[in-house]
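What follows is a single structure, written as structure tokens, with notes after it.
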Amino acid sequence: MNLLFICSRNKWRSPTAEETWRREAGYNARSAGTSPSAKRTVSAEDIRWADIVFVMEKKHKNILTAKFTRMLDHKAIHILDIPDEYKYMDQELVSELEDKVGRILKTQ
């Protein structure tokens, strides 16, 4: 299953999610950002590749929906509600990602 994680600048939250979930058997993970200044900006190829899209905040879902409307018609997008207050691989962030993403994946 291909998991795409999105935040704003692809600096802390989404790369942490990618690193956390790529270690799990049965999952491929990528991360990207919505900002033009992101380390890696989300592309149409990312959207096509993803089975499930996880966004850190509602604003990220809104940006994706505006930019990739038709491509997202049959994609699950989950808002994780994780604020931009963590550093890369912060243990609290990792725990929150494992909990929230894990609960969603159990229902898939």
Side-chain angles (χ1 to χ4, degrees):
M1 183 173 293
N2 295 332
L3 312 178
L4 178 61
F5 296 96
I6 304 292
C7 66
S8 297
R9 293 174 295 155
N10 189 227
K11 190 172 178 181
W12 296 326
R13 293 175 291 174
S14 61
T16 297
E18 176 182 5
E19 183 64 27
T20 300
W21 285 95
R22 80 154 99 191
R23 299 179 196 164
E24 296 294 320
Y27 298 106
N28 299 304
R30 277 188 195 173
S31 66
T34 56
S35 171
S37 64
K39 191 165 69 172
R40 185 173 176 288
T41 304
V42 64
S43 68
E45 170 54 33
D46 293 324
I47 301 297
R48 276 192 291 277
W49 173 85
D51 294 312
I52 303 175
V53 179
F54 295 94
V55 296
M56 299 299 154
E57 300 173 56
K58 184 172 176 38
K59 69 180 180 180
H60 302 127
K61 180 178 180 178
N62 294 342
I63 292 167
L64 290 181
T65 302
K67 188 171 181 180
F68 302 106
T69 307
R70 302 199 81 191
M71 294 180 74
L72 292 167
D73 279 347
H74 303 290
K75 299 277 181 180
I77 302 175
H78 298 278
I79 302 168
L80 298 175
D81 285 319
I82 298 177
D84 191 9
E85 57 187 40
Y86 299 100
K87 299 291 186 193
Y88 178 70
M89 295 306 289
D90 180 303
Q91 190 52 53
E92 190 176 324
L93 173 57
V94 171
S95 295
E96 193 167 349
L97 286 163
E98 288 173 340
D99 177 54
K100 289 183 175 184
V101 174
R103 277 189 274 138
I104 292 166
L105 292 176
K106 284 179 184 171
T107 67
Q108 298 298 305

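For reference, positions follow the sequence shown, starting with 1.
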Residues K59, S8; criterion side-chain contact (heavy atoms from CB on, under 4.5 Å); working and verdict: CA-CA 9 Å; K59 69 180 180 180; S8 297; 3.7 Å; yes
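- For the atom pair I52 CD1 and I104 CD1, the distance stands at 8.0 Å (nearest 0.5 Å).
- With K100 contributing its side chain and D81 its backbone, the two residues share a donor-acceptor pair below 3.5 Å.
- Residue-environment remark: CD (E85) exceeds the threshold of 12 foreign heavy atoms within 6.0 Å.
- Proximity of a side-chain donor or acceptor of S14 to a complementary backbone N or O of I6 within less than 3.5 Å is not detected.
- Distance CZ/R48 to CD/E45: 5.5 Å, rounded to 0.5 Å.
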Salt bridge (Lys or Arg N to Asp or Glu O under 4.0 Å) evaluation trace for E18 with R40: CA-CA 13 Å; E18 176 182 5; R40 185 173 176 288; over 6 Å; no
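- Side-chain atoms of K75 never come within 3.5 Å of backbone atoms of V53 as a donor-acceptor pair (strictly under, hydrogens ignored).
- With hydrogens and angles disregarded, a donor-acceptor distance shorter than 3.5 Å links the side chain of D46 to the backbone of S43.
- Here the side chain of R13 pairs a donor or acceptor atom with the backbone of I82 at under 3.5 angstrom.
- Contact of the E57 side chain with the P83 side chain is not registered, since no non-hydrogen atoms from C-beta on lie closer than 4.5 Å.
- In this structure, OG1 in T41 is found 8.0 Å from CG in N10, a value given to the nearest 0.5 Å.
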Residues I63, V42; criterion side-chain contact (heavy atoms from CB on, under 4.5 Å); working and verdict: CA-CA 11 Å; I63 292 167; V42 64; over 6 Å; no
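- Using a 4.5 Å heavy-atom cutoff, the side chains of F5 and W21 are in contact.
- Two residues are said to be in side-chain contact when any heavy atoms from C-beta on lie closer than 4.5 Å; T20 and L93 fail this criterion.
- Following chains of ILVMFWY side-chain contacts shorter than 4.5 Å, one cannot reach Y27 starting from V94, and the two form parts of different hydrophobic clusters.
- Within the 3.5 Å criterion, the main-chain N or O of D51 finds no donor-acceptor partner in the side chain of N2.
- No path of Ile, Leu, Val, Met, Phe, Trp and Tyr side chains, each step under 4.5 Å between heavy atoms, connects Y86 with I79, placing them in separate hydrophobic clusters.
- Contact check for D84 versus R9: side-chain heavy atoms found under the 4.5 Å cut-off.
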side-chain contact (heavy atoms from CB on, under 4.5 Å) assessment of L97 paired with M56: CA-CA 10 Å; L97 286 163; M56 299 299 154; 4.1 Å; yes
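- Following chains of ILVMFWY side-chain contacts shorter than 4.5 Å, one cannot reach I77 starting from M1, and the two form parts of different hydrophobic clusters.
- In summary, the side chains of N62 and T65 do not present any donor paired with an acceptor at a separation below 3.5 Å, with no hydrogens or angles considered.
- Using a 4.5 Å heavy-atom threshold, the side chains of Y88 and P15 count as touching.
- The shortest distance between side-chain heavy atoms of T34 and V55 does not fall below 4.5 Å.
- Remark: L80 CG to R103 CZ distance equals 10.0 Å, nearest 0.5 Å.
- The structure places NZ of K61 at 9.0 Å from NE2 of H78, a figure rounded to the nearest 0.5 Å.
- We find the OG1-CD distance between T16 and E96 to be 11.5 Å, quoted to the nearest 0.5 Å.
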